[in-house]
Number of protein chains: 2
Amino acid sequence: MIIGQKLRELREEKGLLLRQVAAELEVDTAYISKMERGEKNIRKEFIIQLASLYNHNQDELLALWLADKIYDTVKDEAMAFEAIEIAKKYLSKEI
Amino acid sequence: MIIGQKLRELREEKGLLLRQVAAELEVDTAYISKMERGEKNIRKEFIIQLASLYNHNQDELLALWLADKIYDTVKDEAMAFEAIEIAKKYLSKEI
DNA sequence: ATATTTTTGACTAAAATTGACAAGTCAATC
DNA sequence: GATTGACTTGTCAATTTTAGTCAAAAATAT
């Protein structure tokens, strides 16, 4: 989703090829392509490596990555907003 | 987590046994026990059936159920709050 | 004590995920 | 129009995760 787009932007800014990024992460080129297009989940570890490779703020990327996961779990749910508020409440109380 | 507790409360209010609820959902008794104690995920379909069985507001239960899922995906993440805000933004823009 | 309810742990079938590989498309260039 | 390079797509094997059962153990009530 959004993290994928962002990763593609960053890669293109750096002028890197899928192949080069793939070599860095030690995975197949096709796999990077799929991550960038949101066809595959991205492992947290990869985000960290990519933040470093692209010289980009790691926390920002991790936030986007996590936001995508949240979005994915709520997107088709009628109670999405209510649930988010409840989850936030749990979270601030460190349940 | 929280949805489990709530389901247990509701069941006890109605004076139903695990066995009886299990029969209603057509699953094993142990499974209900595990759902109520947050040891197993609960299928959305079960929440709907239980709302009806317990005569309780379905949307409220679904919101709790979804909140738990959100909480679960963010609970160990440093960027949890930021991610939630981003996800909310996506959601309100219906991306 | 014993009968009933709930919990626990081990287990398995099914489903989802990871990631590779091969073949395909698409542009640009020769 | 053939070739080359970058990316995409489909399929697949291997691994991991999940759903739910069963039997035994623990807890609770009678």
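Just so we're on the same page: letters track the sequence lines, and every chain starts at 1.
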- Okay, side chain of A:Trp65, backbone of A:Ile47: is any donor-acceptor separation there less than 3.5 Å? no

- Item | Closest non-hydrogen atom pair, B:Ala67 against A:Ala87 | O-CB, 3.8 Å

- Note on the structure: Across all chains, not counting sequence neighbours, the salt bridge (Lys or Arg N to Asp or Glu O under 4.0 Å) partners of B:Glu39 are B:Arg37

Protein and nucleotides 16-18 of chain C: nitrogen or oxygen contacts under 3.5 angstrom:
none

- Return the residues of residues 5-27 of chain B meeting this criterion: a heavy atom under 4.0 Å from some atom of DNA chain C. Order them by number, or give none. B:Arg8, B:Arg11, B:Leu17, B:Leu18, B:Arg19

- A:Ile32 atom CD1 is separated from D:dT9 atom P, nearest whole Å, by 16 Å

- Message: Restricting to non-hydrogen atoms, name the atom on B:Asn41 and the atom on B:Tyr31 that form the minimum distance, rounded to 0.1 Å.
- Response: O-OH, 3.6 Å

- Query: Can you check whether A:Val27 reaches A:Phe46 side chain to side chain, under 4.5 Å on heavy atoms?
  - Reply: yes

- Task: Check whether any side-chain heavy atom of A:Leu16 sits under 4.5 Å from a side-chain heavy atom of A:Leu53, and report yes or no.
- Result: yes

- Task: Please tell me if the side chains of B:Ile70 and A:Tyr90 come closer than 4.5 Å, counting only heavy atoms from C-beta onward.
- Result: no

- Message: The test is side-chain contact (heavy atoms from CB on, under 4.5 Å); show your working for A:Ile42 and A:Ile3 and say whether it passes.
- Response: CA-CA 9 Å; A:Ile42 307 179; A:Ile3 181 64; 4.1 Å; yes

- Go through the steps for B:Leu61 and B:Lys6 under the test side-chain contact (heavy atoms from CB on, under 4.5 Å), then give the verdict. CA-CA 8 Å; B:Leu61 293 186; B:Lys6 183 71 182 180; 3.8 Å; yes

- Message: Before you tell me yes or no, could you show the steps for B:Glu85 and A:Lys88 under side-chain contact (heavy atoms from CB on, under 4.5 Å), namely the whole-Å CA-CA distance, both residues' side-chain angles and the distance that decides it to 0.1 Å?
- Response: CA-CA 10 Å; B:Glu85 290 314 313; A:Lys88 226 159 83 177; 2.8 Å; yes

- Can you tell me how far P of D:dA19 sits from CD1 of B:Ile47, to the nearest Å? 13 Å

- Respond yes when some side-chain nitrogen or oxygen of B:Ser33 is under 4.0 Å from OP1 or OP2 of C:dT7, and no when none is. yes

- Message: Test of understanding: with salt bridge (Lys or Arg N to Asp or Glu O under 4.0 Å), list the residues that count as partners of B:Glu36, not counting sequence neighbours.
- Response: B:Arg8, B:Arg11

- Query: Is there side-chain contact between A:Ile86 and B:Asp68, with at least one heavy-atom pair below 4.5 Å?
  - Reply: no

- Message: Give the residues of residues 48-56 of chain A touching DNA chain C, defined as any heavy atom closer than 4.0 Å, sorted by residue number.
- Response: none

- Footprint string (nucleotides 22-30 of chain C, 5' to 3'): B base within contact, S backbone only, - free, heavy atoms under 4.0 Å: ---------

- What is the distance, rounded to the nearest whole Å, between atom CD of A:Glu39 and atom C1' of D:dG10? 9 Å

- Query: Rounded to whole angstrom units, what separation is found between the CD atom of A:Glu36 and the P atom of D:dA6?
  - Reply: 15 Å

- Given atom CZ of B:Arg37 and atom C1' of D:dG20, what is their separation to the nearest angstrom? 14 Å

- Message: Is any side-chain heavy atom of A:Asp72 closer than 4.5 Å to one of B:Thr73?
- Response: no

